[in-house]
Amino acid sequence: MAIQVKICGITSAEAADAALHAGADFAGLAFHPGSPRNLKPEQAAALAARLRGRVRIVAFVADAANDAIAAVVAAANPDFLQLHGRETPQRVGEIRERFGKPVIKAIAIAEAPDFAQVPAYEAAADMLLFDAKAPQGASRPGGHGAAFDWQLLRGRKISKPWLLAGGLNAENVARAIASAGAPGVDVSSGVETAPGVKSAQMIREFVAAARSAQFAGARS
């Protein structure tokens with residue numbers, strides 16, 4: 001089965017086109033005031049129109065109120081909502097039902113006990129995303145380029161599709177996929193030359209490296 005690749009935090013037409021041409025499966029648009037990748041409604045609408053029908057569009061929010069999520073849905077009409085805050089399983093279910101969109105729930109991981117919360121989120125979300133815990137005092141929940149021990153995921157039975165995130169780049173993504181047994185990966189800062197500035201070349205290299213890991217796995 002093909003490794004799924006998500007390019008998150010797209011802020012420009014050039015980055016959107018690079019993700020499409022590289023063959024990404026998901027394109028993420030961020031709606032979080034603390035992020036350098038935060039989009040205004042008119043920016044999001046233009047990027048979503050460029051991406052629609054060619055890749056699955058994911059809208060990233062964190063601990064957002066219903067009116068804020070409604071504004072995101074109106075602007076971008078995403079294929080998925082990604083919840084990257086402290087949303088409870090109950091809140092995940094509420095958002096999924098209220099907005100009629102599949103939900104990706106990000107779960108912050110630092111050590112093995114952090115997986116105790118996974119079953120409740122498996123029941124509430126359509127997909128999971130395992131990311132490194134944000135540094136102490138961080139103003140945003142993701143996009144820091146930090147990694148966790150990928151082998152913590154190795155051999156775990158996850159009932160929903162999932163992505164691995166946190167500190168990934170073209171140089172380490174194959175190793176990360178092998179270490180975690182990941183069916184998919186998510187990258188943001190690892191394909192940037194500066195916070196919020198995506199590199200088309202780095203996007204191409206990341207997707208190619210992830211695909212190479214898939215084929216290497218098929219041969220082993």
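Fair warning: this is a prediction, and the values are worked out from it, not measured in the lab.
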Tell me the closest heavy-atom pair linking [X] and [Y], and the distance in Å.
X: Ala59; Y: Val72; result: CB-CG1, 3.5 Å
X: Ala147; Y: Ala132; result: C-CB, 3.8 Å
X: Lys105; Y: Ala125; result: CB-CB, 4.0 Å
X: Pro41; Y: Ala75; result: O-CB, 3.8 Å
X: Gln43; Y: Lys40; result: OE1-N, 2.8 Å
X: Pro102; Y: Asp126; result: CA-OD2, 3.2 Å

Audit row: Val5, Arg211, side-chain contact (heavy atoms from CB on, under 4.5 Å) steps and yes/no:
CA-CA 9 Å; Val5 180; Arg211 302 293 188 224; 3.6 Å; yes

Co-membership, hydrophobic cluster, residues [X] and [Y], 4.5 Å side-chain:
X: Ile109; Y: Leu83; answer: yes
X: Ile104; Y: Leu51; answer: no
X: Tyr121; Y: Trp162; answer: yes
X: Leu152; Y: Leu164; answer: yes
X: Ile158; Y: Leu163; answer: no

Side-chain ([X]) to main-chain ([Y]) donor-acceptor, under 3.5 angstrom:
X: Thr11; Y: Gly196; value: yes
X: Arg96; Y: Lys101; value: no
X: Lys198; Y: Gly9; value: yes
X: Arg52; Y: Asn77; value: yes
X: Asp79; Y: Ile57; value: yes
X: Ser188; Y: Cys8; value: yes

Nearest-0.5 Å distance that lies between atom [atom1] in [X] and atom [atom2] in [Y]:
X: Leu128; Y: Ser159; atom1: CG; atom2: OG; result: 7.5 Å
X: Glu94; Y: Glu87; atom1: CD; atom2: CD; result: 11.0 Å
X: Arg204; Y: His21; atom1: CZ; atom2: NE2; result: 10.0 Å
X: Glu205; Y: Ser212; atom1: CD; atom2: OG; result: 11.5 Å
X: Leu47; Y: Ser12; atom1: CG; atom2: OG; result: 7.0 Å

Could you verify whether a donor N or O on one side chain and an acceptor N or O on the other, from Asp63 and His84, lie under 3.5 Å apart?
no

Do the side chains of [Y] and [X] get nearer than 4.5 Å, heavy atoms only?
X: Val58; Y: Leu29; answer: no
X: Asp114; Y: Lys133; answer: yes
X: Val187; Y: Met202; answer: no
X: Ile107; Y: Asp131; answer: no
X: Arg98; Y: Ile95; answer: no
X: Phe60; Y: His32; answer: yes

Run the salt bridge (Lys or Arg N to Asp or Glu O under 4.0 Å) check on Glu122 and Lys160 step by step: do they pass?
CA-CA 6 Å; Glu122 282 180 297; Lys160 295 291 176 70; over 6 Å; no

Other residues, nucleotides and ligands only: do more than 12 of their heavy atoms fall within 6.0 Å of CD on Glu42?
yes

List the atom pairs, donor and acceptor, that lie under 3.5 Å between side-chain atoms in residues 171-184 and the rest of the protein, sequence neighbours left out.
| unit_1 | atom_1 | unit_2 | atom_2 | d |
| --- | --- | --- | --- | --- |
| Asn172 | OD1 | Asn169 | N | 2.8 |
| Asn172 | ND2 | Gly167 | O | 2.9 |
| Ser179 | OG | Arg175 | O | 2.8 |

Ring centers of Phe130, Phe148 separated by less than 6.0 Å:
no

Run the salt-bridge test on Asp25 and Lys6 with the 4.0 Å N-O cut-off and return the result as yes or no.
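A salt bridge is absent here (no side-chain N lies under 4.0 Å from a carboxylate O).
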
Before giving the answer on ring pair (Phe, Tyr, Trp, His ring centres under 6.0 Å), spell out for Phe26 and Phe80 the whole-Å C-alpha distance, their side-chain angles and the decisive distance to 0.1 Å.
CA-CA 9 Å; Phe26 300 86; Phe80 289 83; 5.7 Å; yes

Carefully, step by step, assess Phe31 and Ile69 under the rule side-chain contact (heavy atoms from CB on, under 4.5 Å).
CA-CA 9 Å; Phe31 299 87; Ile69 298 174; over 6 Å; no

